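These notes concern the structure reproduced below.
All values reported here derive from a predicted model rather than from experimental measurement. First the proteins, then the strands, lettered A, B, ... as listed; each starts at 1.
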Amino acid sequence: MRYWLMKSEPDEFSLEDLKRAKGQTEHWDGVRNYQARNYMREMEKGDQVLFYHSNCAEPGIVGLATVAREAYPDHTALDPEDPHYDPKSNPDKPRWFMVDVKYERALKRTITLTELKDYRTLKKMPLVRRGNRLSVMPVTKKQRDFILGLEKKIR
DNA sequence: GCCAACGTTGGC
DNA sequence: GCCAACGTTGGC
């Protein structure tokens, strides 16, 4: 099993939205970055996802989810009405993919980006690197265990 | 709202 | 293939 971190703007799609979704499962559409797409294609059912809220008052990791379905074509790329429409996308040769993720649980507290930047263990995560905008990234077991350890720490 | 960082586009 | 212009991300 592998571990991942996925970013979402809570105004668009939050952990709460995932919790409320049918079957507490939702497809992760709209990824239009090749590196992020490639990572999604590496995901396997059962992999754990750290759910990160970006572009909000308190950016940070807010919960856990699991990969419920492996990568399949992102239909929103073919829909001209969709904000993530890609005119160069072709149904016969899908360019963009998505996975399904299932809600696992909310963390007891948000582990903020500011906090994550404090630790050497996490220094190599793209998330904490200056200027990095990757929205889907792998997390090592060591990093994942360390982050979940922070959950119990009092700020 | 600002703006740094980065990816993409397209002219040449 | 280069690179300037442009658009987007996302922290602050």
**Report entry** side-chain contact (heavy atoms from CB on, under 4.5 Å) evaluation trace for A:L134 with A:M125
**Finding:** CA-CA 10 Å; A:L134 190 61; A:M125 288 184 72; over 6 Å; no
Requested in this report: Report the C-alpha separation of A:F146 and A:Q143 in whole Å, then their side-chain angles, then the decisive distance to 0.1 Å, and conclude whether the side-chain contact (heavy atoms from CB on, under 4.5 Å) test is met.
Outcome: CA-CA 5 Å; A:F146 184 83; A:Q143 289 164 345; 5.6 Å; no
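Partners of A:H84 under the ring pair (Phe, Tyr, Trp, His ring centres under 6.0 Å) rule, at least two apart in sequence or in another chain, do not exist in this structure. Applying the side-chain hydrogen bond (donor to acceptor under 3.5 Å, both in side chains) test to A:R41 and every residue at least two apart in sequence or in another chain returns nothing.
Ion pair A:R95/A:D86 flagged as a salt bridge, since at least one NZ, NE, NH1 or NH2 atom sits closer than 4.0 Å to an Asp/Glu carboxylate oxygen.
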**Report entry** Protein-to-nucleotide contact annotation, 5' to 3' order, nucleotides 4-9 of chain C [B base; S sugar-phosphate only; - none; under 4.0 Å, heavy atom]
**Finding:** ---BBB
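Following rounding to the nearest Å, A:R32 (CZ) and C:dG10 (C1') show an atom-to-atom distance of 19 Å.
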